[in-house]
Amino acid sequence: MRVGVFICHCGNNIAGTVDVQKVAEEMRKIPGVAYSTTYVYTCSEPGQNEIIEAIKKYKLDRVVVAACSPRMHELTFRKAVEKASLNRYFLEMANIREHISWVGDDKELNTQKAIDVVRMAVAKVMNNKPLFSSSFKLTKRVLVIGGGVAGMQAALDCADGGLDVVLVEKSPSIGGMMARLDKTFPTIDCSICILGPKMVDVAQNERIKLYAYSEIEDVKGYIGNYEVTIRKKATYVDWNKCTGCGLCMEKCPSKNAYDYFNFGIAPTRAINIPFPQAIPKKAKIDPNYCRYFLKGKCGVCAKICPTKAIDYDMKDELVKEDVGAIIVATGYSLMGVENFPEYGGGKYKDVITGIQYERILNASGPTGGHIKRPSDGKEPETVVFISCCGSRDKSVGIPYCSNFCCMYIAKQAILTKDHLPKSQSYVFYMDIRAPGKGYDEFTRRAQEEYGVRYIRGRVSKIYPRGEKLIVRGADTLLGIQVEVEADLVVLANAVISNPDAAKLAEKLRISYDTFGFYVESHPKLRPVETNTSGVFLAGACQGPKDIPASVSQGSAAASKVLALFSKDVLESDPQVSYVNPNVCVGCMKCVKTCPFGAIKEEELRDGRKVAKVIETVCAGCGICTSTCPCGAIQLQHFTDNQILAEVYAFASGK
Amino acid sequence: MNNRRYAYYSGCSLESTAREYNESLKEVFRLLNIEIKEPEDWSCCGSSPAHTVDPLLACALGARNLALVEKMGLDVVIAPCPSCFTVLKRAHLKMKKDPEVRKKVNEVIDEPYNLKVSPKSALQILYEDVPPEKISEMVVYEIPELKVAPYYGCIVTRPPEVAEFDDAENPISMDRILESAGIEVCDFPFKTECCGAAFGIAKKEIVNRLSYKVIQMAKDSGANCIAVCCPLCQQNLDLRQGQINRLMGTNFQIPVLYFSQLLGLVFGISPKRLGIDKLVVDASWITRSMRKAEKKVGNKEKEPEAEEE
């Protein structure tokens, strides 16, 4: 056996706190190591070439690269050894950066630990076996979760590329947050006018199968072959019969239902169609407010419906769909106004959130686009906007910036002046964050052309005086306390992840951060991929994002799926479990413990029953290997022998 | 929660300027079967002066008293004065967080403090450990004319990471306690505004201006009485009310009572024992308008849900 060891300096990242020369020297002493060297950047082209040439020159048959995390560059080096005609699984990586040089600053101790870790990798690679992947077919259909602008863009792009799309939307209509907006910055074009046609495209596209008011119940399978269970929630209206005429909504006697679409700024009916441009334009009963459900009698909608579509006995329905890839575009939520007691959130009716104000500005909103304050319906003369409500505030657990509030505040202030020329708007801000194309010009316009007064400072308190609200804050540029008598106060409330974001992530087996936002595979270089191959991200489910960024990600995710589906077969990962039929006693304990259903019973020619792993389904988690009482199941590339060799190398110091 | 035992750290104010707070609180605790015991040989908490001079001293003064409580075998100490409370709690938290501080402080005090005591305000005890029905049960008088502005002051709930109690900016504990006792509470936006605190000595104009705002807001909110839980707030609002009237040209006559005095009144304790006569702004109209409670408070029927339409 002839092992080659390549220690990377990673510039100063590793060499700064690890004596790489000493590590290389130590490795030379190990029997079987034929070559050991260091290089400043092993992942660079000359660095890789050095590996390839060393393999040829020194007739190496195993390679250890001691560098960064295998998550970063294992694939890079596997490809390199393959170029030199070695099986890619004859490469082993030792992580001496994230696990050593970045976390410790004692060079001597670091070096000792690095020697141990690299020695273990050498021991393992000597026990490695060549592995070969097999190929499997894939279902060229894609599931898009979330029908906001990001999900719609992804669905339309996939459909344009010739794929069948299953689009699942949680609420009764697609459109998401963008459908609720009045105008969009920085061009002040009408949001629904640009989104509406897209929504119609989704509805009319024959390749897109839309499940509205539905949620993901369960996801089984793996890249190329997912089986997804979708829960179609009961709407109590047969959507095949409903024509969306709206008669039921008009006659419904329960007029105090919470309006989710309008963020509760005004009530709606217990049976409702969320908004005029809704897709599908179908009615739905909210059983929390419907008299029939609460008191057992009423039935007005059932009597009035011309197509007899009302069905009070409707139950949730589960349907299954087979897809090969999943795009997650579930969007975001907003912090509720009641989280701001110092601003009287929830107590003073005229303290509202940005999205609520958006609905007041909107022609299809509860005030028909006339700016009237909620308390008494009067037109406000003074409107105060407060940025960063919750955002960038560690005390409420949200250290991040909500990304688009600075821009929509400027937009809303401009629109306020347009609607009410006599009005005066004030904006309390921390910084004005307007880095997009045409954004800074836009916020300047708000100040210079529309006379919006920007005050740099936080608001400490809002309290009522007569019909007015006194907004008390600091002007940190002048160093004084200011009080503004306002008629209406708009809070730019923080963007937060959806309350069920973590639950969905667990179903999809993707990671999420402390705040519930989904984590991309690499923050710069793999922005729409997740660490679960076959699952992609788009839009604000990954972090607060404005419309252009969400649309870009929707298209990006679609292009990733199209690229994936351009292959007719996929290669399986051979790092999966394997049952040795000669050792297996057929107890089938592994069948029960496998979380993926990847192990089945098989009858051999001699009639003996043994376990067998379905290679494409196995996720390589290794649970079965620790369950097997006789060691018949071994996880390839992580066999008992390989791991024990590492342990021995570490414990013996040899 | 009957007969729970607590240590009771009265602090210097309650021994002097705020004796009526001390007396009324003890009466209320007695009626609610809350057993309290003062640590022997307690010393000054250090208040604001200590921590402006030396953080170690401030911490040590708090820790010394906490160690005394620990020795009594009790795990909660009631500090009715918010300033004492915040000093004790800060000392506890600082020592808990930083082993270095713990070591240093324990070196300078007689006996080490082992972090086993949680300091709480009187408000917190009555809000968290006494069920509201129990307060309602004790009520024997009602004061129909009384409308109270609950004024918490700046530090009983703040900073939130120290107080760890109620909402920092919009506290409701005193509101709920008074309501359970059948006392009408108004929606008071200046619950946590600053009264000017100790500036009364150095720069009394500041106190007068700030306290004026609090009293004015109480009046604007429809209150005819202010309830407080802090000796300094009480002093600034009550003792200086005449000063404020002269400076601002107002004519306030709003009595400023400790919330425990109000509780004591409706519980039927004699006004004299509650020290109502010690107040500067005359509060005798309150005692005069007391009536035997006709119906049980707190057992209010649930309001019927508003019919939609």
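Basis for what follows: all heavy atoms, side chains included, without hydrogens, waters or symmetry-related copies. Everything quoted here is computed from the prediction, not taken from an experiment. Numbered from 1 within each chain, the chains take letters A, B, ... in sequence-line order.
- No more than 12 heavy atoms of other residues, nucleotides or ligands lie within 6.0 Å of CD in B/E100, so this atom counts as exposed by the packing criterion.
- Only the side chain of B/E193 comes within less than 4.5 Å of a heavy atom of chain A; its backbone N, CA, C and O stay farther away.
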Decide yes or no on side-chain hydrogen bond (donor to acceptor under 3.5 Å, both in side chains) for B/N236 and B/S211, but give the supporting numbers first. CA-CA 7 Å; B/N236 282 339; B/S211 290; 4.8 Å; no

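- In this structure, A/Y236 has its ring center closer than 6.0 angstrom to the ring center of A/F293.
- For A/R269, no part lies under 4.5 angstrom from a heavy atom of chain B.
- With A/Y213 as the aromatic partner, A/K233 meets the cation-pi criteria of under 6.0 angstrom to the ring centre and within 45 degrees of the ring axis.
- For residues 78-91 of chain B, heavy-atom neighbours of chain A at less than 4.5 Å comprise no residues at all.
- A cation-pi geometry, defined here as NZ or CZ lying under 6.0 Å from the six-membered ring centre and within 45° of its normal, does not hold between A/R373 and A/Y348.
- Both the backbone and the side chain of A/P464 come within less than 4.5 Å of a heavy atom in chain B.
- In this structure, A/F428 has its ring center at least 6.0 angstrom away from the ring center of A/F385.
- Heavy-atom distances place the side chain of B/D167, and not its backbone, under 4.5 Å from chain A.
- With 3.5 Å as the limit, one finds a donor-acceptor pair spanning the side chains of B/D166 and B/S173.
- Neither side chain, A/R291 nor A/S254, offers a donor N or O lying under 3.5 Å from an acceptor on the other.
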